[in-house]
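Taking it in order: structure first as structure tokens, then the write-up.
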Amino acid sequence: MNAAESYGLMESQYIRTHHRHGPRENQCTSALVKHIKAPVNLVWSLVRRFDQPQKYKPFVSRCVMNGDLGIGSVREVNVKSGLPATTSTERLELLDDKEHILGIRIVGGDHRLRNYSSIITVHPEVLDGRPGTMVIESFVVDVPDGNTKDETCYFVEALIRCNLKSLADVSERMAVLDRTEPINY
């Protein structure tokens, strides 16, 4: 899939710059975009918390850290019932507070997401005259035996859409409590 072709100029530019995965023949990849009516610093404060994904990820019930939140740190995530997994072991691959980029790799767990890697970038934008945020999440993952690329991408995209919707809901609620001033052109 080439997700950059289905988005606008800014989205495509960010995807080309920050979301290159280089999938192999047995892998699928995609990128999803979410526009959030909350300032970038607020959204990033949630995304960057590798140790607390449950703050906005609805399928995570618990997270236990191994490490100091630096690159290479590992988290053990418990997944809520209803998904075909109960645990996931994930390593922090990239955390760039200046550019707002988070990269993770799944390194274990009782699920079928093998060689899964994702990148989340957070970009400032103006929405309805106020500070907003464009979040892009991309991934690459092996296609499990017995599944097609389309089935695998559809499943992972559905999970990411839920996470991004929840991120928007949490961020926008927080933004209402901390009202931001309109941006004048």
Write down the atom of [X], the atom of [Y], and the distance for their closest heavy-atom approach.
| X | Y | result |
| --- | --- | --- |
| Cys28 | Val143 | N-CG2, 4.0 Å |
| Gln27 | Gly22 | OE1-O, 4.5 Å |
| Ile119 | His18 | CD1-O, 3.4 Å |
| Tyr56 | Asn163 | CD1-O, 3.6 Å |
| Ala85 | His111 | CB-CB, 3.6 Å |

Are [X] and [Y] packed together at the side-chain level, in the sense that at least one heavy-atom pair is separated by less than 4.5 angstrom?
| X | Y | answer |
| --- | --- | --- |
| Val77 | Thr87 | no |
| Ser171 | Leu46 | yes |
| Leu95 | Phe50 | no |
| Phe139 | Ser30 | yes |
| Leu159 | Phe59 | yes |
| Ser117 | Ile104 | no |
| Val40 | His100 | yes |
| Cys63 | Gln52 | no |

Go through Glu137 and Glu157 one step at a time and tell me if the side-chain contact (heavy atoms from CB on, under 4.5 Å) criterion holds. CA-CA 10 Å; Glu137 184 164 355; Glu157 287 172 347; over 6 Å; no

Do Tyr14 and His19 pass the ring pair (Phe, Tyr, Trp, His ring centres under 6.0 Å) test, and can you show the C-alpha distance, the side-chain angles, and the key distance before you say yes or no? CA-CA 7 Å; Tyr14 287 133; His19 297 268; 8.6 Å; no

Salt bridge (charged side-chain N to carboxylate O under 4.0 Å, His left out) partners of residues 30-44, not counting sequence neighbours, each pair once: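 Every salt bridge (charged side-chain N to carboxylate O under 4.0 Å, His left out) pair that includes a residue of residues 30-44, provided the two are not neighbours, is Lys37-Asp128.
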
Check: [X] side chain, [Y] main-chain N or O, donor-acceptor pair, under 3.5 Å:
| X | Y | result |
| --- | --- | --- |
| Lys55 | Arg49 | no |
| Asn66 | Arg75 | no |
| Ser166 | Cys162 | no |
| Ser61 | Asn78 | yes |
| His21 | Pro23 | no |
| Thr133 | Ala38 | yes |

Just do the side-chain contact (heavy atoms from CB on, under 4.5 Å) check on Val43 and Leu167 with the steps written out, would you? CA-CA 8 Å; Val43 176; Leu167 176 62; 4.1 Å; yes

Cluster overlap [X] with [Y], hydrophobic side-chain contacts below 4.5 Å:
| X | Y | value |
| --- | --- | --- |
| Met65 | Ile106 | yes |
| Val141 | Leu92 | yes |
| Leu113 | Leu164 | yes |
| Val107 | Val156 | no |
| Phe155 | Leu32 | yes |

Rounded distance [0.5 Å steps], [atom1] in [X] versus [atom2] in [Y]:
| X | Y | atom1 | atom2 | answer |
| --- | --- | --- | --- | --- |
| Met174 | Ser45 | CE | OG | 5.0 Å |
| Lys149 | Thr29 | NZ | OG1 | 10.0 Å |
| Thr86 | Lys80 | OG1 | NZ | 15.0 Å |

Are Arg173 and Asp169 within salt-bridge range, i.e. N to O under 4.0 Å?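 Looking at Asp169 together with Arg173, the answer is no, because their closest N to O distance does not fall below 4.0 Å.
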
Basic-acidic side-chain contact under 4.0 Å: Asp142, Arg112: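 No, Asp142 and Arg112 are not salt-bridged.
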
Evaluate whether atom CZ of Arg114 has more than 12 neighbouring non-hydrogen atoms of other residues, nucleotides or ligands under 6.0 angstrom away.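 Yes, because the 6.0 Å sphere around CZ of Arg114 holds more than 12 heavy atoms from other groups.
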
Thr152 and Asn147: side chain to side chain donor-acceptor pair (under 3.5 Å), yes or no, with the steps? CA-CA 7 Å; Thr152 303; Asn147 289 96; 5.1 Å; no

Test Ile120 against Val135 for side-chain contact (heavy atoms from CB on, under 4.5 Å), laying out the working first. CA-CA 7 Å; Ile120 303 172; Val135 179; 3.8 Å; yes

After noting the C-alpha distance and the side-chain angles of His123 and Ile136, does the key distance pass the side-chain contact (heavy atoms from CB on, under 4.5 Å) rule? CA-CA 8 Å; His123 310 276; Ile136 303 172; 4.0 Å; yes

Only one of Val122, Asp96, Asp97, Val47 clears side chain to side chain contact (heavy atoms under 4.5 Å, CB included) with Leu102; which?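 Single side chain to side chain contact (heavy atoms under 4.5 Å, CB included) partner of Leu102 among Val122, Asp96, Asp97, Val47: Val47.
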
All salt bridge (Lys or Arg N to Asp or Glu O under 4.0 Å) counterparts of Glu93, not counting sequence neighbours: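 Glu93 satisfies salt bridge (Lys or Arg N to Asp or Glu O under 4.0 Å) with Arg91, Arg105 only.
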
